Amino acid sequence: MIDLQRIRTDKKAVVDSLHKRGLPDAEARIEAICKLDREKRATQSELNTLAATLNKLSNQIGHLLRSEVETTILEAKKKAINDLKERIKALKQQSKTHTSSLLEQLYALPNLPHQSVPIGKHADDNLIIYETPLNPSSGQLAHWDLIKKYDLIDFELGNKITGAGFPVYKGKGAKLQRALVNFFLDQAEKAGYTEIQPPILVNQQSAYATGQLPDKEGQMYHIPLANLYLIPTAEVSITNIYRDTIVATTALPIKHAGYTPCFRREAGSWGADVRGLNRLHQFDKVELVQICHPDDSYAHLERMLAYVQGLVEQLALPYRVLKLCQGDLGFCAAMTYDIEVYAAGQNKWLEVSSISNFETFQSNRLSLRYKDQNKKSCLLHTLNGSGLALPRILASLLEYHQRPDGIAIPKVLRPYTGFHIID
RNA sequence: GGAGGGUUGGCAGAGUGGUUUAAUGCAACGGUCUUGAAAACCGUCGUGCUUUUAAAGGUACCGAGGGUUCGAAUCCCUCACCCUCCUCCA
């Protein structure tokens with residue numbers, strides 16, 4: 001959520017920024033917010049004055065009761081208060097309407113892109129900032145063929161038990177996935193991330209605080225009986241640990257890593273492009289979350305990117321790094337790097353990590369703050385990145401490391417798998 | 001699922017309708033004293049919104065939301081969460 005203070009003081013810049021993001025009616029929306037804000041404050045001001053009068057009169061009655069006075073004086077004061085109360089009630093109602101309406105309109109606005117984010121409207125406009133040179137190859141099988149050949153994952157069984165997009169991992173397939181999870185968690189620990197095992201169901205408030213609601217309503221699985229949502233990413237549960245907190249600056253940056261299953265309905269994005277492990281309703285992911293001081297959040301973003309690149313390199317997979325353009329940026333992000341690994345059998349790049357700085361967008365909703373030198377509460381910056389998402393890593397690994405005699409397990413994983421090859 | 005008890009500032013904890021402006025203690029911060037520290041003593045010490053150049057005010061907040069009342073932390077209703085016992089359970 002964009003800081004209202006920023007909209008007040010820097011209206012033009014906010015509007016310009018939202019235009020670039022592809023909001024043609026940005027000006028009208030910001031104007032509406034400013035108007036509402038002014039009305040809200042005027043209402044609040046009047047309400048405060050009336051409440052002060054009421055409090056004063058009530059106190060007087062209290063004092064008068066202790067000294068014996070004629071009831072007519074008391075009745076007169078009571079009547080004066082009763083007249084006030086009508087107006088106060090109306091103002092309270094009005095103030096409530098203003099607040100909820102203002103919040104609703106603020107919730108609907110995406111974050112403002114960082115000034116260095118490339119201009120552009122579509123995924124084609126994303127900036128490729130690194131790409132592993134590829135050797136030409138042919139005859140590589142796609143992972144869905146390899147999975148069948150070596151009996152690693154059963155999609156049909158998943159269909160039977162649950163439905164499409166819920167695969168069953170078996171034997172070496174299951175073990176390879178577990179090895180990857182452990183490898184990622186151990187690496188994260190070494191890099192200073194404290195491990196978290198969070199709940200995978202969250203309440204509505206949590207989903208609002210990290211920005212999944214109201215923007216992505218319908219993309220999460222919802223359990224109406226308990227009014228809870230299945231998390232689409234561990235980011236939601238882990239970041240919400242810090243909802244409504246003031247963090248000591250000495251504790252910054254806070255770094256967490258968490259492994260959870262993730263659940264996504266993927267409504268509307270289920271198409272021809274989706275086969276095998278490329279897009280699932282349930283998948284595993286190790287997520288990295290950081291809470292940083294605004295002054296150094298971008299330095300930490302770069303470090304997080306370098307860390308995730310290191311993971312892919314250790315798995316000996318070709319990859320590329322994209323800096324997302326303004327139009328392709330996620331709703332909450334101010335800047336995002338995507339890491340895509342190469343899937344040799346499909347001749348395709350698959351996104352396995354999205355590394356973003358949300359600046360104060362989430363912390364504003366979370367009310368996650370620190371105290372500056374003047375003891376003033378200021379919003380912190382939140383960052384997160386996948387480190388990494390499992391199925392597409394698995395897909396790329398199978399396709400890229402396939403040999404005539406089987407699939408070679410990257411060296412770093414062998415202590416975790418206990419085998420060198422899948423044959 | 002059943003019965004009972006609870007939720008007050010960073011923490012502990014008083015407060016059952018009106019000088020409560022939420023006591024007190026601990027912790028924290030500043031100071032005096034000290035070579036330095038501890039102890040002792042003095043002072044400061046919640047959050048949001050808002051008025052103001054500032055100093056200083058106003059207002060709201062005692063789990064959440066409603067209600068009663070001139071006035072609610074206090075009384076009533078609804079909900080959430082926590083604890084104890086019973087029941088069930090990995």
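The figures here come from the full heavy-atom set of this structure, side chains too, leaving out hydrogens, waters and symmetry mates. Just so you know, these numbers come straight off a predicted model, no measurement behind them. In what follows, chains carry the letters A, B, and so on, assigned in the order in which the sequence lines appear, proteins first and then strands, with residues in each chain numbered from 1.
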Scanning all shown strands, the Watson-Crick or wobble mate of B:U84 with both distances under 3.5 Å is B:A3
Parallel, tilted or perpendicular: which describes the rings of A:Tyr307 and A:Tyr193, with under 30° parallel and over 60° perpendicular?
-> tilted
Measure all distances between protein nitrogen or oxygen atoms and nitrogen or oxygen atoms of nucleotides 44-48 of chain B, and list the pairs falling under 3.5 Å.
residue	atom	partner	partner atom	Å
B:U47	OP1	A:Lys371	NZ	2.6
B:G48	OP1	A:Arg369	NH1	3.2
B:G48	OP1	A:Ser377	OG	3.2

- Item | N/O (side chain, A:Lys85) to phosphate O (OP1/OP2, B:G71) under 4.0 Å | yes
Residue set satisfying side chain to side chain contact (heavy atoms under 4.5 Å, CB included) with A:Asp284, at least two apart, ordered chain then number -> A:Gln177, A:Tyr259, A:Pro261, A:Leu390
Considering only nitrogen or oxygen atoms on both sides, find all protein atoms under 3.5 Å from nucleotides 55-58 of chain B and state each distance.
residue	atom	partner	partner atom	Å
B:G58	N2	A:Asn48	ND2	2.9

Across every strand shown, the nucleotide meeting Watson-Crick or G-U wobble geometry with B:A22 (both distances under 3.5 Å) is none
Margin query: What's the gap between B:G65 and B:A73 when it is taken at their P atoms, as a whole Å value?
Written below: 14 Å
_Can you tell whether the side chains of A:Asp37 and A:Arg41 come within less than 4.0 Å, N to carboxylate O?_
yes
Within residues 88-108 of chain A, the residues having a heavy atom closer than 4.0 Å to RNA chain B are A:Lys96
Here the ring-ring contact (aromatic ring centres under 6.0 Å, His included) pairs for residues 77-119 of chain A, sequence neighbours left out, are A:Tyr107-A:Tyr208, A:His114-A:Tyr298
Those residues at least two apart in sequence (or on a different chain) that pass side chain to side chain contact (heavy atoms under 4.5 Å, CB included) with A:Thr49 are none
For nucleotides 17-23 of chain B, print each protein N/O atom paired with a nucleotide N/O atom at under 3.5 Å, atom names and distance only.
residue	atom	partner	partner atom	Å
B:G18	O2'	A:Arg66	NH1	2.9
B:G18	O2'	A:Arg66	NH2	3.3
B:G18	N2	A:Ser58	O	2.7

Exactly one of A:Lys172, A:His401, A:His420, A:Arg414 clears side chain to side chain contact (heavy atoms under 4.5 Å, CB included) with A:Ile409, and that residue is A:Arg414
Rounded to whole Å, the CG-C1' distance (A:Leu47 to B:C49) equals 11 Å
*asked:* I'd like the C1' distance from B:G9 over to B:C26, given in whole Å.
replied: 13 Å
- prompt: Rounding to the closest angstrom, what is the interatomic distance between B:G46 and B:C11 at atom C1'?
  reply: 13 Å
Between B:C41 and B:G4, how far apart are the C1' atoms? Round to whole Å, please. 48 Å
Separation of B:G71 atom P from A:Leu84 atom CG, nearest Å, is 11 Å
Check: Which is it for A:Glu340 and A:Lys348 under the salt bridge (charged side-chain N to carboxylate O under 4.0 Å, His left out) test, yes or no, and what are the steps along the way?
Finding: CA-CA 9 Å; A:Glu340 300 182 340; A:Lys348 221 184 202 173; over 6 Å; no
The side chain to side chain contact (heavy atoms under 4.5 Å, CB included) partners of A:Thr260 (sequence neighbours excluded) come to A:Pro198, A:Ile200, A:Ile231, A:Ala234, A:Cys262
Side chain to side chain contact (heavy atoms under 4.5 Å, CB included) with A:Thr382: of A:Glu359, A:Glu235, A:Gln362, only one passes, and it is A:Gln362
_I'd like the C1' distance from B:U32 over to B:G17, given in whole Å._
45 Å
Separation of B:C70 atom P from A:Asp83 atom CG, nearest Å, is 13 Å
Under a 3.5 Å limit on both distances, the Watson-Crick or wobble mate of B:C49 is B:G58
Going 5' to 3' through nucleotides 73-81 of chain B and flagging B where a protein heavy-atom sits under 4.0 Å of the base, S where only the sugar-phosphate is that close, and - otherwise, we get ---------
_Backbone of A:Val236 reached by a side-chain donor or acceptor of A:Thr239 within 3.5 Å_ = no
Exercise for the section: Compute the ring centroids of A:His143 and A:Tyr400, then answer whether they are less than 6.0 Å apart. Expected result: no
Contacts of A:Arg41 and A:Leu54 projected onto RNA chain B by closest heavy atom; the upstream (5') one is A:Arg41
Here the ring-ring contact (aromatic ring centres under 6.0 Å, His included) pairs for residues 19-42 of chain A, sequence neighbours left out, are none
Hits for side chain to side chain contact (heavy atoms under 4.5 Å, CB included) against A:Ala123, two or more places apart or cross-chain, chain-then-number order -> A:Asn126, A:Asp328
By the Watson-Crick or G-U definition, both distances under 3.5 Å, B:C79 is matched with B:G63
Below 4.5 Å, heavy atoms only, C-beta onward: do A:Asp16 and A:Lys12 meet side chain to side chain? yes
Rounded to whole Å, the CG-P distance (A:Leu50 to B:A60) equals 11 Å
Query raised in the report: Can the ring centres of A:His293 and A:Tyr370 be said to be less than 6.0 Å apart?
Result: yes
The salt bridge (charged side-chain N to carboxylate O under 4.0 Å, His left out) partners of A:Glu189 (sequence neighbours excluded) come to none
